[in-house]
Amino acid sequence: MGYHIVVCAGIVPDPLQSLEPVMGPGGPGLKNEAMLPAVLDPWGAHALYEAAHLARQHADSKVWLVSFAPKAKLQQVMMTIAQKVAFELVAIDGAAHGFTDASGVAATIAEAVAGIAGLDRSKLLLFGGWESASRAAGATLSMAGERLGITDQFFGVDGITVGADGSFEILERVEGGQHQVSNCGGPPAVFGWATGSLHEPANNPQLGMTNMRALIPALQRAKAASPAPAGTFAGVAVPSQRRETRIVKDQSPDAIAKEIVEWIRQ
């Protein structure tokens with residue numbers, strides 16, 4: 001059985017950059033946001049690599065990447081991602097920072113997914129990050145799935161195994177390095193990936209050239225979207241750094257915990 005896998009993944013500033021939130025005329029944002037180098041959200045990237053791996057194992061499968069991001073920045077990121085795996089891009093031109101409302105972003109993504117030509121909803125697997133590196137709310141993918149009428153949803157996924165009857169066995173990450181094993185009868189379903197088990201694919205320039213032929217028209221077709229901010233912000237600022245180090249030997253765990261709680265309450 002082939003799958004129609006739609007991966008939802010935005011872009012975020014390179015983790016090595018220092019980020020400074022600022023209030024602008026249009027609301028909160030990041031200082032010099034347009035100048036910051038960007039990467040595909042690491043959680044979403046894991047989902048994309050897992051989607052491509054699953055698609056290669058099952059004939060007649062196809063992968064779409066739905067990305068809500070400034071299209072100029074997205075084009076830069078795609079120069080690298082297009083060399084990793086085969087996919088068809090669906091671009092939405094909007095702010096990539098985490099100050100927009102998750103439900104508005106989810107509604108926009110769901111509308112984009114529903115509008116994909118040739119998408120068979122009975123084969124649909126909606127992939128994405130367990131959470132994102134921009135908002136870390138872990139809510140957008142779930143709400144997008146609900147809007148598409150998909151109620152079988154799994155998060156913190158580290159692996160899926162397809163059974164002979166087309167069902168899925170899913171490993172969901174829980175506390176203490178353990179996994180919860182779940183079963184799903186088949187598509188449609190939502191999978192919010194943790195890190196999975198795949199390494200980042202090596203660059204393939206030939207694949208990149210093939211992908212880019214379709215990526216550029218997709219970027220040109222990108223519709224603008226401006227979901228409402230997530231609430232009203234009186235101001236934004238980086239938390240002040242504070243470090244107080246004290247060396248103490250033979251302290252019991254309970255005493256350490258009590259001291260930390262007292263410090264936080266100060």
Side-chain angles (χ1 to χ4, degrees), residues 8-22 28 30-31 36-50 53 96-103 105-106 127-146 152-161 168-184 189-200 230-266:
C8 305
I11 62 175
V12 294
D14 189 303
L16 297 178
Q17 300 296 313
S18 297
L19 307 180
E20 183 177 345
V22 295
L30 297 176
K31 186 177 181 180
L36 293 171
V39 297
L40 192 67
D41 188 300
W43 299 96
H46 288 301
L48 179 62
Y49 304 150
E50 293 285 352
H53 179 69
H97 60 64
F99 296 106
T100 47
D101 179 55
S103 64
V105 175
F127 277 26
W130 177 19
E131 58 182 353
S132 71
S134 59
R135 185 180 296 105
T140 307
L141 185 66
S142 176
M143 289 190 284
E146 289 286 346
D152 287 338
Q153 302 195 1
F154 306 88
F155 292 91
V157 176
D158 266 337
I160 58 176
T161 303
F168 296 107
E169 182 182 271
I170 304 134
L171 295 181
E172 293 177 273
R173 188 176 295 187
V174 293
E175 293 184 354
Q178 302 294 311
H179 285 98
Q180 170 178 285
V181 180
S182 303
N183 288 287
C184 174
V190 173
F191 295 97
W193 285 86
T195 56
S197 58
L198 301 178
H199 59 75
E200 181 176 332
T232 302
F233 295 84
V236 289
V238 177
S240 59
Q241 293 187 358
R242 180 179 176 183
R243 180 174 180 177
E244 297 176 1
T245 303
R246 183 164 58 92
I247 299 175
V248 180
K249 295 183 178 180
D250 302 326
Q251 188 92 322
S252 69
D254 287 345
I256 294 172
K258 182 179 179 182
E259 189 170 330
I260 291 174
V261 171
E262 291 174 349
W263 178 81
I264 293 174
R265 287 175 173 170
Q266 290 177 3

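- Taking all atoms of both residues into account, the shortest heavy-atom contact from A47 to G129 is CB-N, 4.4 Å.
- Residues E200 and Y49 share a closest heavy-atom pair of CG-OH, 3.7 Å.
- One distance of note links CG of L48 with CG of D41; it measures 11.5 Å at 0.5 Å rounding.
- Side-chain atoms of E131 never come within 3.5 Å of backbone atoms of G156 as a donor-acceptor pair (strictly under, hydrogens ignored).
- The shortest distance between side-chain heavy atoms of V157 and F127 does not fall below 4.5 Å.
- I170 approaches N183 most closely through the heavy-atom pair CD1-C, 4.5 Å.
- The two atoms that bring D158 and A194 nearest to each other are OD1-CB, 3.4 Å, heavy atoms only.
- Closest heavy-atom contact between T140 and A102: OG1-CB, 3.7 Å.
- Between the CD atom in E172 and the NE2 atom in H179 there is a gap of 9.5 Å [rounded to 0.5 Å].
- By the 30° and 60° cut-offs, the orientation of the rings of F191 relative to W193 is tilted.
- At least one donor-acceptor pair under 3.5 Å links the side chain of Q153 to the backbone N or O of S142.
- Taken to the nearest 0.5 Å, the CD atom of E169 stands 12.0 Å off from the SG atom of C184.
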task: Begin from the C-alpha positions of V39 and V12 and carry the test side chain to side chain contact (heavy atoms under 4.5 Å, CB included) through to its verdict.
output: CA-CA 6 Å; V39 297; V12 294; 3.9 Å; yes
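- Between D101 and S103, the side chains place a donor N or O and an acceptor N or O closer than 3.5 Å (distance only, hydrogens not considered).
- The shortest heavy-atom contact between H46 and T195 is ND1-O, 3.2 Å.
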